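Lettering of chains follows the sequences in order, A, B, ..., and the numbering in each one begins at 1. Quantities reported herein were computed from a predicted structural model and do not represent experimental measurements.
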Number of protein chains: 2
Amino acid sequence: MNPSRPRIPEATVARLAVYLRVLGGLADSGRSSVSSGELAGAAGVNPAGLRKDLSHLGPCGVRGVGYDVAGLRDRIARVLGVERSRACVLVGLGNLGSALADYAGFGSRGFEFVGLFDSSPERIGQDIGGRPVRPLTELDEVVATTSATIGVIATPAEVAQSVCDRLTAAGVRSILNFAPVTLAAPAGVDVRQVDLSVELQVLAFLDTSRDSDDVVRVPALGGMS
Amino acid sequence: MNPSRPRIPEATVARLAVYLRVLGGLADSGRSSVSSGELAGAAGVNPAGLRKDLSHLGPCGVRGVGYDVAGLRDRIARVLGVERSRACVLVGLGNLGSALADYAGFGSRGFEFVGLFDSSPERIGQDIGGRPVRPLTELDEVVATTSATIGVIATPAEVAQSVCDRLTAAGVRSILNFAPVTLAAPAGVDVRQVDLSVELQVLAFLDTSRDSDDVVRVPALGGMS
DNA sequence: GCGTGTGAAGCGGTTCACAGCA
DNA sequence: TGCTGTGAACCGCTTCACACGC
């Protein structure tokens, strides 16, 4: 009865979030319909792959025509669970944490920071993005009263694991971790890791191997006829 | 003759960067040797998978013993191309860009920001992380004189594509993009996308589907003997 | 004996080609 | 005719099991 039960591959879920962003832009500019080809182009993927992704939601287009922009957007939002705003807590308000707290993009995409936490006395009480920074001791209370299920860690690496422990103890079930450490969390808690250095190092590798390849680069290019 | 020529899978490259981080920590704490099991545990992966990953670099352990911490670390660093510091430029010094420019972790992991750029007059001239913010007009010159091949985009979405165009025109070959848009770049230029909203939305999905699954959750748990 | 290195099997995701419907 | 929806082939990564070497 529920078409999303048979499980959606995680790779597809990540792309659905991208489609959602593109569809939002199209809707804002007044478009009412798109083809898989156009949508795929804007999202940077293969049209057939996009249709396969959408097929996990059940039929949602019109053959020979395309997809209804607003309808598809709402459907994806519902599947992702961001059709209404979700409560998040953020721990660690250094440069990165402050940037996240201040980032307007989250609010418009279905996330609201209902609690900002730090352990440093000089940060507590500050206002960031219109919300006060609280001491970590209030974490349990805030998570309980707001029913927040998502936590974001933007602390130094050394304390990230202990923050993770406190978040899970407080009832948070999903964690986005920016600290450069691999976190251990109880079963049933999802942890996603964003490591900025890893991203740069992958780029560095592609960069280096591209350079080495240049030596053997195909010289085939003698005019085109 | 070069063991890394047969191409290393990108998934493996990303994990190599994680191993590198873990090995750095082990070396700092004085450890001289590790087994695949221990290293895999600390990196959050399967031991057999770790050995398979390392096999792409050619034999680099001692059978029956394990891996030499410093030796493996240096070898991975060389393969990734971060054995010496690499020059990067950063465009966009809002909250996120400033956080990145200020992040000490990059310096210790083989990256140096040799140029910070913004188009906003009130940001130009500011010092962030000990470096001055310059106008975008100086981009070509800085890229040329420093031979920077990596660029980081932390601008608003609206201008990200034009910044991407300028970076590639200036000679940058690898781009890390934080703006929530899909960039189009010439062939031969690698673009990696980090979209914070996408990460949160994937978490939201896992969160929602976990909740639905709870209804059918295994009640098997009747003491442990 | 122990832990690395690796061929082989297994699995999931991507691509293709075409059937189906407006 | 045009574009969606999808079964099937294809490809690459992950996992397993075991041979190899200290």
(message) Holding to side chain to side chain donor-acceptor pair (under 3.5 Å), I want the full list of residues that pass it with A:R51, two or more places apart in sequence or in another chain.
(response) A:S36
(message) Of all nucleotides in DNA chain D that come within under 4.0 Å of a heavy atom of chain B, which is furthest toward the 5' end and which toward the 3' end?
(response) D:dC13 to D:dC22
(request) Output the residues of residues 26-38 of chain A in contact with DNA chain D, where contact means a heavy atom of the residue under 4.0 Å from an atom of the strand; sort by number or write none. (result) A:S35, A:S36
(message) Using whole Å, what does the distance between atom C1' of nucleotide C:dT14 and atom CZ of A:R15 come to?
(response) 8 Å
(message) Assess the residue pair A:L23 and A:V34 against the criterion (side-chain contact (heavy atoms from CB on, under 4.5 Å)); give the C-alpha distance rounded to whole Å, side-chain angles, the decisive distance to 0.1 Å, and a yes or no.
(response) CA-CA 9 Å; A:L23 287 165; A:V34 256; 4.2 Å; yes
Using atom types as modelled, flag every donor-acceptor pair under 3.5 Å from a side chain in residues 178-187 of chain A to any protein atom, sequence neighbours excluded.
from   : atom 1 : to    : atom 2 : distance (Å)
A:T182 : OG1    : B:R21 : NH2    : 3.2
A:T182 : OG1    : B:A42 : O      : 3.4

(request) Run the numbers on B:L39 and B:L72 for side-chain contact (heavy atoms from CB on, under 4.5 Å), then give the verdict. (result) CA-CA 11 Å; B:L39 190 50; B:L72 184 56; 4.1 Å; yes
(request) Take the protein atom CG of B:L72 and the nucleotide atom C1' of C:dG3, then report the distance between them rounded to whole Å. (result) 14 Å
(message) Run the side-chain contact (heavy atoms from CB on, under 4.5 Å) test against A:T146 and tell me which residues pass, sequence neighbours left out.
(response) A:V114, A:V142, A:A148
(message) For the backbone of A:R173 and the side chain of B:R210, can you confirm whether one donor and one acceptor N or O come within less than 3.5 Å of each other?
(response) yes
(request) If a pair satisfies salt bridge (charged side-chain N to carboxylate O under 4.0 Å, His left out) and one of its residues is in residues 31-41 of chain B, list it, with sequence neighbours excluded. (result) B:R31-B:E38
(message) Can you see whether A:D53 engages A:T12 through a side-chain donor-acceptor pair at a distance of less than 3.5 angstrom?
(response) yes
(request) Can you run down the salt bridge (charged side-chain N to carboxylate O under 4.0 Å, His left out) pairs that involve residues 80-92 of chain B, sequence neighbours left out, and say none if there aren't any? (result) A:D207-B:R86
(request) Could you list the residues that satisfy side chain to side chain donor-acceptor pair (under 3.5 Å) with B:D102, not counting sequence neighbours? (result) A:N95
Pull out every protein N or O sitting under 3.5 Å from an N or O of nucleotides 16-22 of chain C, one pair per line with the distance.
from   : atom 1 : to    : atom 2 : distance (Å)
C:dG20 : N3     : A:R63 : NH1    : 3.2

(message) Need the bend value for the helix from C:dG1-D:dC22 to C:dA22-D:dT1: angle between end axes, 5 pairs each end, nearest 10°.
(response) 0°
(request) Only pairs at least two apart or in different chains count here, so list each salt bridge (charged side-chain N to carboxylate O under 4.0 Å, His left out) that has a residue in residues 150-168 of chain A. (result) none
(request) List the steps, then state whether side-chain contact (heavy atoms from CB on, under 4.5 Å) holds for B:I8 with A:F205. (result) CA-CA 10 Å; B:I8 303 179; A:F205 171 79; 4.1 Å; yes
(request) Only pairs at least two apart or in different chains count here, so list each ring pair (Phe, Tyr, Trp, His ring centres under 6.0 Å) that has a residue in residues 72-108 of chain B. (result) B:Y103-B:F106, B:F106-B:F113
